[in-house]
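Working notes, structure below.
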Amino acid sequence: MLAEAEDSIVESVQQALGKAVRTVETLPGPWDQDALALAFRSMPGVWVYFDGGTPGRTRGRIVGRYLVYAVTSHASGGRERQRGNSRQIGAYEIVERVVPTLDQHKAADLGTLHFEGLRVLSPATAQRKGVAVYEMAFSLEMGFPAARDAGELADFAIYSGTHQVGDGPNTESYLQLPTGNEEVSP
């Protein structure tokens, strides 16, 4: 469900921005210097990140927090990074297209996204490199999927582990357990 919501956000942003950006994709972790380095190679772009959540209004639900980052770069300076020009979209333009697209958007039949706020995340180091970063926050209340029936699970067939006993060396264990479904060769 979390990935479905993330994929729905990415798809909606791609439709809203088309070829105006070089990339729209998910971010593997929170926004930091590594994320900036990743984005630096694909600007202008938009990155989506699931940032956890809080309990929903009823049991079995979560209010997920999705952060959407607009990242632009322009050699001509801050004004073009923010406002763009005839050749490249600016951060303001991305925000002005993404927020109305995602606010009240039904994400993969899971629930409705709600716009929660906008922050500027352009540290001095990014500004010196000619980069503008804007973070748009959205919430999405959704239900967890129903618990699976244990009978639907495959048999526990492989055990693999690394153990350390006392001061001795690490010991690795690997064991294939019979499940009763093995083919018997004649």
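- Looking at every heavy atom in both residues, Val10 comes nearest to Glu25 through CG2-C, 4.2 Å.
- Contact detail for Gly143 and Arg61: the closest heavy-atom pair is N-NH1, 3.4 Å.
- Side-chain N or O atoms of Glu141 include one that pairs as donor or acceptor with a backbone N or O of Arg57 at under 3.5 Å.
- Here the closest non-hydrogen pair linking Ala16 and Thr101 is CB-OG1, 3.4 Å.
- Smallest separation of non-hydrogen atoms from Ile158 and Tyr174: CG2-CE1, 3.6 Å.
- Side-chain contact between Val21 and Ile94 is present, with at least one heavy-atom pair separated by less than 4.5 Å.
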Passes side-chain contact (heavy atoms from CB on, under 4.5 Å), Tyr66 versus Leu2? Steps please. CA-CA 10 Å; Tyr66 286 89; Leu2 300 174; 4.0 Å; yes
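- Under the 4.5 Å side-chain heavy-atom criterion for grouping Ile, Leu, Val, Met, Phe, Trp and Tyr, Met136 is not connected to Val63 through any hydrophobic cluster.
- Residues Tyr134 and Thr72 have side chains not in contact (no heavy-atom distance under 4.5 Å, counting atoms from C-beta outward).
- Here the CG-OG1 distance, from Asp7 to Thr26, works out to 7.5 Å after rounding to the nearest 0.5 Å.
- Within the 3.5 Å criterion, the main-chain N or O of Glu4 finds no donor-acceptor partner in the side chain of Ser8.
- The CG atom of Leu102 lies 13.5 Å from the CZ atom of Arg97; values are rounded to the nearest 0.5 Å.
- Between Val99 and Phe138, the shortest heavy-atom distance links the atoms CA-CZ, 4.1 Å.
- The line from CD of Glu6 to CG of Leu140 is 11.5 Å long, rounded to the nearest 0.5 Å.
- Nearest heavy atoms, Val95 versus Pro100: O-CD, 3.9 Å.
- Linking Ile, Leu, Val, Met, Phe, Trp and Tyr residues whenever their side-chain heavy atoms come within less than 4.5 Å places Val46 and Tyr92 in a single cluster.
- Annotation for Gln104: atom CD counts as buried by contact number, over 12 foreign heavy atoms lying within 6.0 Å.
- For Asn170, the CG atom is densely surrounded, since the number of other residues' heavy atoms within 6.0 Å is greater than 12.
- For the atom pair Lys106 NZ and Leu113 CG, the distance stands at 10.0 Å (nearest 0.5 Å).
- Side-chain contact between Val68 and Phe115 is absent, with no heavy atoms from C-beta onward closer than 4.5 Å.
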